[in-house]
Amino acid sequence: MMNTTANIDEVFKVINAEHPDPFSVLGMHRLEPENGMAVRAFLPNAKEIIVEELFGTSAYQMEKVEDRGFFEAVIKDRSDFFKYNLRVTDYEGNSFTFCDPYCFLPVLSDYDLYLFNEGNNHKIYEKLGAHKMTIDGIEGTLFAVWAPCAKRVSVVGNFNQWDGRRHQMRVRGNSGVWELFIPGIGQGEIYKYEIKTPHNELYIKADPYAFYSELRPNTASIVYDIDGYEWNDADWMRERDNSNSFEKPISIYEVHLGSWKRVSNDENGFHSYRELADMLVEYVKYMGYTHIELLPIAEHPFDGSWGYQITGYYAVTSRYGDPKDFMYFVDKCHQNGIGVLIDWVPAHFPKDGHGLARFDGTALYEHYDPKQGEHPDWGTHIFNYGRNEVKNFLISNALFWLDKYHIDGLRVDAVASMLYLDYGKKDGEWIPNRWGGKENVDAIEFMRQLNSTVFQYYPGVMMTAEESTSWALVTKPPFTGGLGFSYKWNMGWMNDFLRYMSMDSVYRKYHQNLITFSLMYAFSENFILVLSHDEVVHGKCSMIEKMPGDYWQKFAGLRASYGYLYGHPGKKLLFMGGEFAQFIEWNYKQSLDWFLLDYDMHKKMQDYVRDLNKLYRSEKALYEVDFHYEGFEWIDCNDTEHSIISFMRKGKDWHDSLIFVCNFTPVPHDDYRIGSPFNTTYDEIFNSDWEKYGGSNVGNFEPIKAEEISMHNKPYSMKLRIPPLATIVLKPRFDEKDKSRLK
């Protein structure tokens, strides 16, 4: 018979490591009705244990009451609770002392847990996960994890020989949250959760809320104090939150940190966040971009996913350093006037064993039915957006990057896959919504709640949807039926534009609609024009290789296309390597081909993009009225025979106007007449065919005077020299006399 004051059945639950509340058995307990206290411990490898009063001199020998390591000390004539250490001697003769984790009261409040279960604990990352703290003068780490269907959850690591019997957690009521404060656990300790499932399987899981993780292929989470970095970007943050990004120039340089520049092409030949901060910031500033957009930098096990298959949503990837190193990166960007956007992936997650999949033995973060919970093409799980705690996990994660890392915006990946239940699925592979449709009602509501919550806290950030269908009102407020994003990637423009630019110029006259159709819907959403990483991989060719013709024509065509991009309404995005015309497709395993800048045409292409950014930022016509028809006006979009288009861009003040003329064939034209809205003089301020960019130097080097000859529904017109495969930009002159006369 076991000699213990505890309920024997409860003791055996602890010994078998399946007690939902081991605190009810272990730790210190007052004995009723007799006067006395009992201290119990379960340490499977212990030979002897002594209870030592922490702030006193008393010591009590514990009796081993069960051979598998259950100990108890009965302290008579004492009825007060006190903090104590356990001095343990194991069978190898080793002795060690520690504060008993089972002598602490619960830490998380019922209100925090209520908000989490309701889906509205917006900073749940401050509660769940691993948090260093001091309780009753004792330093340690609080661990908390959501696993509502688990029979038992334990914290395991080197500190307990990865023995799930040692640090069993307690579940907090019906919240599904398990917690345990472990004294003595500090910065840098690696850990995971051992979870006993409803089917008595043992899962070893990384912490979904961990701030830091081991470098792959290792997968353990790491205790990390994410607070304490001294930011130096107060001016940037103040300006960002008090300005209107819609009326500002936004030229984004999309970057994969692991392949922009590398130390070597070895598996871990990466530059650190701090090294990249110095190199990349200097380069982006030199090139004139306003923002850097990073492919996902959350922790992911497989390099070949480019970061899009995430296992650690709250952990910045350890490939390039630790969290404070990444804070330094963002801080350095802000101090140099550069915004930082990141790819964020709430659409799906991988099935890796240490990740979110079947987290507690059940479909916790995902749907159980594969018709709802899996992407067959991607081999990944779909989040269950209708579950409050899952919504809380994702919305809180979005806020986390904006809060802790001062990120300026999120590009939300694969929005279309979230909106449609049949995305990437065949008939019979998906389940209609309750009205029989294919719209994912839960995901729609999630996105509305996401954007409303983000802008509640951070009104100056950019929330951008990568949405590839014609779903309406993506960038309109939720109260009008919209999804609430601030921007949408213009995938329709991108597809038409690349198809047009990839065809031989002799055929372009039959497909002019591909280059003009985007203006039919350009103001229906707040668009970002994107030439992203997706367009230069998987056999799609690099940007320069998409261009038809010989070597010279390829560069000329690319310059013309970039000129058209910067003239078209909408903010801009260009993937790294495109700015200096890298010939090979992007390869995530190696650096960009920076050696190409030793070659004249590539260096001139880089100079061209740099000057395009300079032009873009200096001319209000190119960014002030991007999302309203008043900022754009066709001059001529019908010259299909010559594949030439011309249009105006206008700022809020009509004096801030520019005229773009794009020639998409390698044929130059003298005396080409276009309509002119103003009877004034025009200067050619930019020409992609200038010799300094590698062009043939055909241009309008003298001022151009409009003539009183009506054309293209304009009262005036002018004659131009049109260079081959080129975009030219004309600026009207307005002195004070002109301004009063032309009002």
Side-chain angles (χ1 to χ4, degrees), residues 116-120 122 124 208 296 298 308-310 313 343-351 356-357 359 363-401 409-426 429-456 463-489 491 525:
F116 173 61
N117 292 138
E118 190 184 56
N120 287 319
H122 297 152
I124 192 62
Y308 288 96
Q309 296 199 6
I310 295 172
Y313 274 78
D343 257 347
W344 187 60
V345 191
H348 63 124
F349 60 92
K351 299 179 180 179
L356 299 178
F359 188 78
L364 191 59
Y365 288 89
E366 69 273 34
H367 293 274
Y368 183 78
D369 190 333
K371 291 182 178 180
Q372 293 177 291
E374 292 190 19
H375 278 300
D377 291 343
W378 299 343
T380 54
H381 284 300
I382 300 170
F383 281 104
N384 182 350
Y385 305 106
R387 193 163 196 170
N388 286 341
E389 295 87 351
V390 174
K391 283 193 294 186
N392 205 142
F393 172 81
L394 291 171
I395 292 173
S396 179
N397 183 244
L399 293 170
F400 165 78
W401 292 104
L410 306 178
R411 177 267 197 184
V412 182
D413 180 61
V415 168
S417 75
M418 302 164 67
L419 290 172
Y420 297 99
L421 296 167
D422 65 342
Y423 186 90
K425 297 179 180 180
K426 301 173 184 174
E429 293 181 344
W430 60 283
I431 298 175
N433 62 33
R434 53 184 170 273
W435 294 288
K438 61 182 180 180
E439 298 79 15
N440 189 334
V441 179
D442 290 335
I444 294 167
E445 183 53 38
F446 158 72
M447 280 183 269
R448 289 171 175 165
Q449 185 178 343
L450 164 72
N451 289 315
S452 298
T453 306
V454 163
F455 291 128
Q456 173 188 337
M463 293 295 290
T464 303
E466 187 226 4
E467 203 286 305
S468 55
T469 73
S470 56
W471 187 279
L473 308 180
V474 171
T475 58
K476 299 300 183 278
F479 67 82
T480 65
L483 297 181
F485 288 96
S486 41
Y487 296 97
K488 173 180 173 175
W489 273 22
M491 310 293 278
E525 302 278 7

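The first residue in the sequence is number 1, and the count goes up from there.
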Side chain to side chain contact (heavy atoms under 4.5 Å, CB included) between Ile431 and Asp369: does it pass, once the steps are laid out? CA-CA 9 Å; Ile431 298 175; Asp369 190 333; 3.4 Å; yes
Please table the atom pairs, donor to acceptor, closer than 3.5 Å between any side-chain atom in residues 414-424 and protein atoms at least two apart or in another chain.
{"residue": "Ser417", "atom": "OG", "partner": "Ala414", "partner atom": "O", "Å": "2.7"}
{"residue": "Tyr420", "atom": "OH", "partner": "Thr469", "partner atom": "OG1", "Å": "3.1"}

Could you name each residue pair satisfying salt bridge (charged side-chain N to carboxylate O under 4.0 Å, His left out) that touches residues 465-484, not counting sequence neighbours?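 Of all non-adjacent pairs touching residues 465-484, those that pass salt bridge (charged side-chain N to carboxylate O under 4.0 Å, His left out) are Arg411-Glu466, Glu467-Lys488.
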Nearest non-hydrogen partners of [X] and [Y], listed with the distance:
X      : Y      : result
Pro208 : Phe393 : O-CE1, 3.7 Å
Trp401 : Leu410 : CB-CD2, 4.4 Å
Lys425 : Ile382 : NZ-CD1, 4.0 Å
Val390 : Leu364 : CG2-O, 3.7 Å
Tyr308 : Pro296 : CZ-CD, 3.5 Å
Asn392 : Gly119 : OD1-C, 3.3 Å

Do the side chains of [Y] and [X] get nearer than 4.5 Å, heavy atoms only?
X      : Y      : answer
Leu483 : Leu473 : no
Phe400 : Ile395 : no
Phe446 : Asn440 : no
Pro346 : Tyr313 : no
Thr464 : Trp489 : yes
His375 : Asp377 : no
Val454 : Met463 : yes
Pro350 : Trp378 : no

Gap separating the [atom1] atom of [X] from the [atom2] atom of [Y], nearest 0.5 angstrom:
X      : Y      : atom1 : atom2 : value
Asn397 : Ile310 : CG    : CD1   : 8.0 Å
Glu366 : Thr380 : CD    : OG1   : 11.0 Å
Thr453 : Lys391 : OG1   : NZ    : 9.5 Å

Please state whether the rings of Phe349 and Phe383 are parallel, tilted or perpendicular, taking 30° and 60° as the class boundaries.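 Ring orientation, 0 to 90° scale: tilted.
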I'd like to check the side chain to side chain donor-acceptor pair (under 3.5 Å) partners of [X]; sequence neighbours left out, ordered by chain and number.
X      : value
His367 : none
Gln372 : none
His122 : Tyr457
Thr475 : Glu525

Would you confirm whether [X], through its side chain, and [Y], through its main-chain N or O, come within 3.5 Å as a donor-acceptor pair?
X      : Y      : answer
Lys438 : Pro432 : no
His381 : Gly373 : yes
Ser452 : Gln449 : no
Asn451 : Met447 : yes
Glu429 : Lys426 : yes

Could you walk me through whether Glu439 and Asn433 pass side chain to side chain contact (heavy atoms under 4.5 Å, CB included), step by step? CA-CA 7 Å; Glu439 298 79 15; Asn433 62 33; 3.5 Å; yes
Cationic N near anionic O, under 4.0 Å, Lys351 to Glu374: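 Answer for the salt bridge query: yes.
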Assess whether side chain to side chain contact (heavy atoms under 4.5 Å, CB included) is satisfied between Val441 and Arg434, documenting all intermediate values. CA-CA 9 Å; Val441 179; Arg434 53 184 170 273; 3.9 Å; yes
Does the pair Ser396 and Phe116 meet the rule for a side chain to side chain contact (heavy atoms under 4.5 Å, CB included), with working shown? CA-CA 10 Å; Ser396 179; Phe116 173 61; over 6 Å; no
